[in-house]
Novice: 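First the structure, then my questions, so here it is.
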Amino acid sequence: MARGEVILAIDQGTSSTKALLVDRHGHVLASASAPLGQTHPRPGWVEQSPAEVLASVTAATRSCLDGHDPALVAAVGISNQRESMLLWERSTGEPVTPIISWQDRRTAARCASLVADGFGETVRDVTGLPLDPMFSATKGAWLLDHADPDRSRSRNGDLCLGTVDSWLLSRFGGEHLIEIGNAARTQLLDARAGRWDPGLLEVFGIPSQVLPRVVASTGPFPTVRGLPPLPDGVPVAAVLGDSHAALFAHAGWRPGRVKATYGTGSSVMALSQDTTAADTGLCRTIAWATGTESGAIAHAVEGNILSAGSTLRWLAETVGRTPAELADLADGASSDGVHLVPAFGGLAAPWWDSNAQATLVGMTLATRLPQIARAALESIAFQVEDVVAAAGPHEVLLADGGAAANPTLMQIQADISGRKVHQSLVSDLSAIGAAHLAGLTCGLWTQSELEEFDRPVRVFSPRTGAAERRRTRTAWHQAVARARATDQPTCDKPTDPPLTGGTP
Ligand SMILES: O=P(O)(O)OC[C@H](O)CO
């Protein structure tokens with residue numbers, strides 16, 4: 001193989017970092033993964049260590065390149081968990097705070113008060129996103145309230161606020177940047193224009209000087225330094241949010257495509273040039289951009305589900321089984337009217353209800369673990385269908401992500417949705433998508449070669465009738481209504497503990 005003929009793709013996710021080597025035909029030559037932990041300092045709080053994130057990127061890269069000549073790497077593509085936010089010192093690059101995870105709900109009360117003050121509509125109109133603690137803006141404000149209460153260090157340019165892509169680009173490239181799709185998820189970006197919105201920076205109390213510079217998904221990005229055994233100077237050719245990268249890997253630029261990524265949570269996304277606000281409970285966002293001028297921006301609609309794979313993990317840990325054992329129990333079982341609404345941190349799309357509480361309904365003395373396991377799997381499929389239905393008419397749903405490897409879940413999804421489900425037979429689609437865009441950007445392949453890449457799927461067809469589907473979705477919606485019948489936020493605590501700093 002000639003030198004400079006492979007892409008190193010890095011997917012920095014919530015529970016691990018994955019690294020892949022992808023050859024010029026789009027085939028995966030090597031892959032590796034390094035796990036990543038989280039801490040839960042309080043109910044509803046979720047943090048990660050910036051240092052551990054870097055260490056997991058380094059570890060995954062090192063083991064992926066083990067036995068391969070690092071000089072073969074033409075360029076790096078990065079995909080990453082979105083919305084999570086941290087603060088670091090500009091002069092030293094040292095983290096000042098932990099990473100507040102996208103799952104963290106500590107700013108639920110702040111979001112509620114902004115809505116009460118009448119900012120909900122403006123925020124949704126400018127950013128395409130509902131005012132919800134999942135997005136970065138209130139996390140960033142919370143970090144600044146604790147690390148720079150009068151914002152003087154932010155205004156002086158001493159501090160850098162950023163998402164995980166910003167953090168990686170800063171540490172391995174030395175520049176304070178953010179990719180435009182990631183920026184679109186901060187709730188600070190004018191999603192039509194692709195620029196920070198000064199009015200929103202004012203609303204959230206975030207000085208512009210603390211924010212990264214917005215760049216296209218294809219850069220220009222700095223070259224990589226300090227990621228051994230990769231030689232210093234290899235260019236980063238693409239950065240994408242993980243969900244956006246998965247859509248790219250599904251050839252999501254083709255018309256009529258909608259995908260669901262089943263990870264810790266789930267993200268349903270489809271390209272859409274409709275940049276006006278729609279009252280569907282979905283978000284408008286930027287999928288990717290080959291430039292920051294408006295014509296180069298690919299807009300999308302997206303619906304996020306907070307608890308998908310994490311529902312199964314929670315149940316598995318609670319009953320002392322593995323998620324795979326639960327799926328086996330659920331296979332062939334009926335939920336017998338049991339519904340689990342996994343609103344562990346409220347509900348996101350299409351409900352956007354921070355007060356919703358996790359609820360298990362419909363149990364009788366005959367209810368056993370198989371019924372509850374089935375209800376847990378069904379909860380993922382019902383939530384995905386609620387979003388796909390809102391995204392428009394689609395006959396096929398493209399599925400990827402860890403939990404999508406489960407055939408029982410895929411069949412349940414087809415039965416609940418009444419659509420064909422195309423389960424990707426390739427894992428790590430987020431990393432693949434970052435590789436695909438990186439290879440295109442650095443000229444390793446052309447758009448027409450990319451069109452021809454193999455995208456193998458297994459097809460699951462619905463086995464239920466329309467009346468049955470209507471009946472089960474009505475019962476699900478009744479269970480959702482019960483989960484939402486509360487006005488108590490799950491994580492609205494009166495006082496905050498001090499910041500623990502950037503390391504665990
Ligand atoms: O790391 P994942 O796969 O759970 O994805 C996290 C998402 O980007 C959050 O929006």
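Counting starts at 1 for both ligands and their atoms, in listed order.
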Novice: Salt bridge (charged side-chain N to carboxylate O under 4.0 Å, His left out) for Glu317 and Arg313? Distances and angles first, verdict last.
Specialist: CA-CA 6 Å; Glu317 282 165 15; Arg313 259 202 315 281; 5.1 Å; no

Novice: Do Glu385 and Ser417 have side-chain atoms, one donor and one acceptor, less than 3.5 Å apart?
Specialist: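 Yes, side-chain donor-acceptor contact under 3.5 Å.
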
Novice: Could you list the atoms of ligand 1 found under 4.0 angstrom from a heavy atom of Gln81?
Specialist: 1 (O), 8 (O)

Novice: Can you tell which of Thr17, Thr261, Thr163, Thr14 gets a heavy atom nearest to atom 1 (O) of ligand 1?
Specialist: Thr14

Novice: State yes or no: are the ring centers of Trp352 and Phe135 separated by less than 6.0 Å?
Specialist: yes

Novice: Go through ligand 1 atom by atom and flag the ones less than 4.0 Å from a non-hydrogen atom of Glu83.
Specialist: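 Near Glu83, the atoms of ligand 1 are 9 (C), 10 (O).
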
Novice: If I take atom CD1 from residue Ile380 and atom OH from residue Tyr262, how far apart are they, to the nearest 0.5 angstrom?
Specialist: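 So the CD1 of Ile380 and the OH of Tyr262 are separated by 8.5 Å.
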
Novice: Within the structure, does Asp242 bring an N/O atom to less than 3.5 angstrom of an N/O atom in ligand 1?
Specialist: yes

Novice: Taking only heavy atoms of Trp102 into account, list the atoms of ligand 1 that are under 4.0 Å away from them.
Specialist: 4 (O), 6 (C), 9 (C)

Novice: Going by heavy atoms, is Gly263 under 4.0 Å from ligand 1?
Specialist: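 It does not, in that no heavy atom of Gly263 comes within the 4.0 Å cut-off of ligand 1.
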
Novice: Scan side-chain atoms only and decide if Gln81 and Gln12 contain a donor-acceptor pair under the 3.5 Å cut-off.
Specialist: yes

Novice: Please work out whether the ring planes of Phe344 and Trp314 are parallel, tilted or perpendicular, with thresholds of 30° and 60°.
Specialist: tilted

Novice: Is the positively charged end of Arg110 above the ring of Trp142, judged by distance under 6.0 angstrom from the centroid and angle within 45° of the axis?
Specialist: no

Novice: State the atoms of ligand 1, each with its element, that fall below the 4.0 Å cut-off from a heavy-atom position in Thr264.
Specialist: 4 (O)

Novice: Hey, which atoms in ligand 1 end up nearer than 4.0 Å to a heavy atom of Gly13?
Specialist: 1 (O)

Novice: Can you find an N or O of Arg82 that's nearer than 3.5 Å to an N or O of ligand 1?
Specialist: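 Yes - when backbone and side-chain N and O of Arg82 are compared with those of ligand 1, one distance drops under 3.5 Å.
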
